[in-house]
Number of protein chains: 2
Amino acid sequence: MSRTKKRSGGVTMDHVAREAGVSLMTVSRVMNNVPGVKASTREAVMRAVKELGYSPNAAARSLARNGAGRIGLLYSNPSAGYLSQFLVGALDGAQTSGALLVIEKCDISPDSESAAIGRLIAGGVAGVILPAPHAESDRAIAALREAGVVAIAVGTGHARSDAHAVRMDDFAAAAEMTRHLVELGHRRIGFIKGAVNQTASVERLLGFETEIRRADPPAEPLVEPGDFTYRSGFEAAERLLTLEHPPTAIFASNDDMAAGALAAAHRRGLDVPGDLSVTGFDDTPLATAVWPELTTIRQPVARMAEAALRLVLQESRDPSRRDLRALIDQLLPHQLIVRASTGRVSDNS
Amino acid sequence: MSRTKKRSGGVTMDHVAREAGVSLMTVSRVMNNVPGVKASTREAVMRAVKELGYSPNAAARSLARNGAGRIGLLYSNPSAGYLSQFLVGALDGAQTSGALLVIEKCDISPDSESAAIGRLIAGGVAGVILPAPHAESDRAIAALREAGVVAIAVGTGHARSDAHAVRMDDFAAAAEMTRHLVELGHRRIGFIKGAVNQTASVERLLGFETEIRRADPPAEPLVEPGDFTYRSGFEAAERLLTLEHPPTAIFASNDDMAAGALAAAHRRGLDVPGDLSVTGFDDTPLATAVWPELTTIRQPVARMAEAALRLVLQESRDPSRRDLRALIDQLLPHQLIVRASTGRVSDNS
DNA sequence: AGCTTTTTTAATAGCGCTAACATCAATTTG
DNA sequence: CAAATTGATGTTAGCGCTATTAAAAAAGCT
């Protein structure tokens, strides 16, 4: 008696149905774009929806669909830019497609990963999106497969034989970046590798080496290890810059390491790009938060997340194809972003 | 007939109840820590839960609770570090407390904000968390109030009279940072302001000025405008460093602007911290991704998000207090993080 | 013992939505 | 012209969980 309305602002399908003068089911059909509704009816429903400001209740939908449309996302790497963009993309996609994201955190240890995967499976998700580091985990993917859950690897270096993949062409992008440097006249080029357990790192290195071999006049590659952290980039650059014949350009496998290289150069009093060109990879927010702003490769992270979401949804909808395993490998376009950190090689090197 | 189990991995309360030999409702009570369950029963249920790897279905729970436990989060500012940390904190909290996060994006325009708020309300959330820029929006908070939805402002400069607040003490933190610089011997200190429409910016400036006035021997403040972007920090620093008597330290109101100041200093060939100390604010990942790493204030973003979540949940549970409006203002502790970007003032300045 | 008061447990009715089937008119066909 | 075929909509039965009410068991009182 105290509260007149059960819930403020709770517009349900029932209201819409009444307003449009149709049955509940028709509204559901319209909301899900199911064919077999007369155009005029559909329009009337749409009008009612707009009128009442109705928006479907994701929880109820997920429940009714019995888990289809509920999809998991495993993350571990709160590495600023990447995760943030990825989450935003995924959330966006979830909103649009009416999916329910179940986001599960874990750290890098295999145990923690397994536990998280277990929780996801027990939670009854239809599919799981595995970004960056987890996309390489055979164990995780095997567990998912066994449970009959669709797995999507995002950001791996190449397609997988046991899961769908959404990724970019790391090889081509690295080659493109290398060509950019070669065209600027650089012939002694340092390369800072990424974490070795990620296939994307390998592809980037391969792209670099392949393109270097093509250079005419020939170019000399100077490869240093790294692990995608700022510190490792700093240290690798220090090693490169203290060589007897230091490189005139450094190609770091990601923006964090490029920022480290930048710092190392500045510390030695080198001007970028006057004395040394530096390039990154990924185009995280960091790329434009350092000086000079980094020439880098734009990885369409948000779009990848969205694509992954769509893919899970689509694949989990019809279980028929599940075993035929027409594995999908979706490649998204990247882009070379030339900013202020690269320039023509100077004469006095 | 083809699929033996309705859904792979779908462990429901029913299973747990059967396993533990109790009724469904008892399991629910145990899961929600409702008192009135015999200890031995509770224990048996817990064992069954663990045994079966049961985890409650957030969607179903949200539905059954009729929206209580469904809480909204409005974001707009994909500014890398902050959002990422905030989301992680909120998602974490949601997981623990069994809430269902409804995340809604909008851009900075008032129209877009109103629309997003409208969707949230129509979605029947019990409360809405408003981080950084939206926390200042009177319009948004008014709309929420009117709909009877609990609003929590996060990261404002001071408590609000119309919404609960979760925040840090920007004034005290800025004063603390200023004291740090003064103690290092700096007497000409530049300050780069944050966006003027955020009260936190004002508090930080006030904290700075108050502490400056306390300095003995007296110190001279040099205040420049900024808007929390890297570029504005760069430009403000350029202005400061081209003064006839440039400052020996620059206190930027956030890390992005500090990174800009760092770049400006490097460009002029200044050594940090040898010739110039630079400090940031927030301790975003950027703080450790520049060289030298920034002395800054650690803002417990993730914890703030979690606290906000808890607060919404708690407040929305009993609507009785809703009108008494015992507004809560929860202050979370910050921390001065001293890194390599600040040092004792040099003699030859 | 017989009764009321406290615990503790069980049963029932939805929350908002969708899948699957049922219905009913408007066609088409033998 | 009755029967079979469409196309558009309506009905019914849950999805997994929680609130609420009813019931049973345990404990306290005269």
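Here the structure is a predicted model, which is why all the values come from computation and not from measurement. A note on names: the letters A, B, ... follow the listed sequences, proteins ahead of strands, and every chain is numbered from 1.
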Of the non-hydrogen atoms in [X] and [Y], which two are nearest, and what is the gap between them?
X: Ala44(A); Y: Ala20(A); answer: O-CB, 4.0 Å
X: Leu327(A); Y: Ala163(A); answer: CD2-C, 3.6 Å
X: Ala305(A); Y: Ile129(A); answer: O-CD1, 4.3 Å
X: Lys105(A); Y: Val88(B); answer: CD-CG1, 4.4 Å
X: Pro131(B); Y: Phe86(B); answer: CB-CZ, 3.7 Å
X: Val37(A); Y: Val34(A); answer: CG2-O, 3.9 Å

Check the distance between [N]'s [atom2] and [X]'s [atom1] and give it to me in whole angstrom.
X: Met31(A); N: dA19(C); atom1: CE; atom2: P; answer: 14 Å
X: Asn57(A); N: dC15(C); atom1: CG; atom2: P; answer: 12 Å
X: Asp14(B); N: dC15(D); atom1: CG; atom2: P; answer: 9 Å
X: Leu100(A); N: dC15(D); atom1: CG; atom2: P; answer: 18 Å
X: Leu63(B); N: dC17(C); atom1: CG; atom2: C1'; answer: 8 Å
X: Asn33(B); N: dT18(D); atom1: CG; atom2: C1'; answer: 15 Å
X: Arg65(B); N: dG16(C); atom1: CZ; atom2: C1'; answer: 17 Å

Within residues 17-28 of chain B, the residues having a heavy atom closer than 4.0 Å to DNA chain D are Leu24(B), Met25(B), Ser28(B)

| Counting only non-hydrogen atoms, which of residues 34-43 of chain A are less than 4.0 Å from DNA chain D? |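 Those residues whose heavy atoms fall under 4.0 Å from DNA chain D, taken from residues 34-43 of chain A in numerical order, are Gly36(A), Val37(A), Lys38(A), Thr41(A).
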
Terminal axes of the helix from dA1(C)-dT30(D) to dG30(C)-dC1(D) (5 end pairs apiece), angle rounded to 10 degrees, sit apart by 60°

Practice prompt. Return yes if some donor-acceptor pair links the side-chain N/O of Arg303(A) with the main-chain N/O of Pro333(A) below 3.5 Å, else return no.
Written response: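 Checking the backbone N and O of Pro333(A) against the side chain of Arg303(A), no donor-acceptor pair under 3.5 Å is found.
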
Query raised in the report: Between the side chain of His164(A) and the main-chain N/O of Ile152(A), is any donor-acceptor distance below 3.5 Å?
Result: no

query = Passes side chain to side chain contact (heavy atoms under 4.5 Å, CB included), Asn57(A) versus Thr12(A)? Steps please.
reply = CA-CA 8 Å; Asn57(A) 180 325; Thr12(A) 79; over 6 Å; no

Counting any heavy atom closer than 4.0 Å, what does Asn32(A) reach on the DNA or RNA strands: base, sugar-phosphate only, or nothing?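 Sugar-phosphate contact only.
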
query = The side chain of Ala60(B) lies closest to which of these nucleotides: dC17(D), dC17(C), dT18(D)?
reply =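 Comparing dC17(D), dC17(C), dT18(D) against the side chain of Ala60(B), the answer is dC17(D).
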
Salt bridge (Lys or Arg N to Asp or Glu O under 4.0 Å) pairs touching residues 111-132 of chain A, sequence neighbours excluded, are Glu104(A)-Arg119(A)

Residue pairs passing the salt bridge (Lys or Arg N to Asp or Glu O under 4.0 Å) test with at least one member in residues 47-56 of chain A, sequence neighbours excluded, are none

Under 3.5 Å, which protein N or O atoms sit close to an N or O of nucleotides 22-28 of chain C? Give each pair with its distance.
none

Next item on the list: Could you give me the CA-CA distance, side-chain angles and deciding distance for Ile103(A) and Leu87(B), then say whether side chain to side chain contact (heavy atoms under 4.5 Å, CB included) is met?
Entry: CA-CA 11 Å; Ile103(A) 297 173; Leu87(B) 280 180; over 6 Å; no

The side-chain contact (heavy atoms from CB on, under 4.5 Å) partner of Ile71(A) among Val149(A), Leu101(A), Leu311(A) is Leu101(A)

| said: Checking Ser109(A) against Asp107(A): is there a side-chain donor and acceptor pair closer than 3.5 Å? | reply: yes

